[in-house]
Amino acid sequence: MHPDVYLTVHQQRDRELARELELRRAAQDCPGCIVRARRHLAALTDRVRARLAGTRPATAPACCPA
């Protein structure tokens, strides 16, 4: 492969990886994440139910990679 083509492909890959990382960070920082909001609401509901029943709240498994 020609060195210039190799360099161009490598730079494009670096830009794509940087963009993907940027999108992942934005998703983690997003206050409007539906999955995170549902998880938070489920945890809150679980705590309220546990308080009313006098038991300990169960822990919910993490389903969102964000």
Side-chain angles (χ1 to χ4, degrees):
M1 184 182 304
H2 193 274
D4 290 339
V5 173
Y6 178 79
L7 181 63
T8 303
V9 169
H10 188 67
Q11 288 173 341
Q12 178 64 29
R13 182 174 178 270
D14 285 345
R15 283 192 296 268
E16 289 172 2
L17 289 174
R19 178 68 179 147
E20 184 178 331
L21 180 62
E22 188 178 304
L23 289 173
R24 284 179 190 250
R25 285 183 181 160
Q28 288 175 346
D29 295 338
C30 178
C33 177
I34 294 172
V35 174
R36 198 174 301 157
R38 285 184 181 172
R39 192 182 314 150
H40 180 70
L41 182 60
L44 179 65
T45 305
D46 192 31
R47 287 195 308 263
V48 169
R49 285 182 184 155
R51 191 173 288 174
L52 291 176
T55 61
R56 293 187 51 127
T59 57
C63 63
C64 181

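Within a 6.0 Å radius of CZ in Arg13, no more than 12 heavy atoms belonging to other residues, nucleotides or ligands are found.
The NE2 atom of His10 sits 11.0 Å away from the CZ atom of Arg15 when rounded to the nearest 0.5 Å. Separating the CG atom in Leu17 from the CD atom in Glu22 is a distance of 12.5 Å, to the nearest 0.5 Å.
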Full working for side-chain contact (heavy atoms from CB on, under 4.5 Å) between Arg47 and Leu44: CA-CA 5 Å; Arg47 287 195 308 263; Leu44 179 65; 3.4 Å; yes

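When the options Asp46, Leu52, Thr45 are evaluated for a side chain to side chain contact (heavy atoms under 4.5 Å, CB included) with Val48, the one that passes is Leu52.
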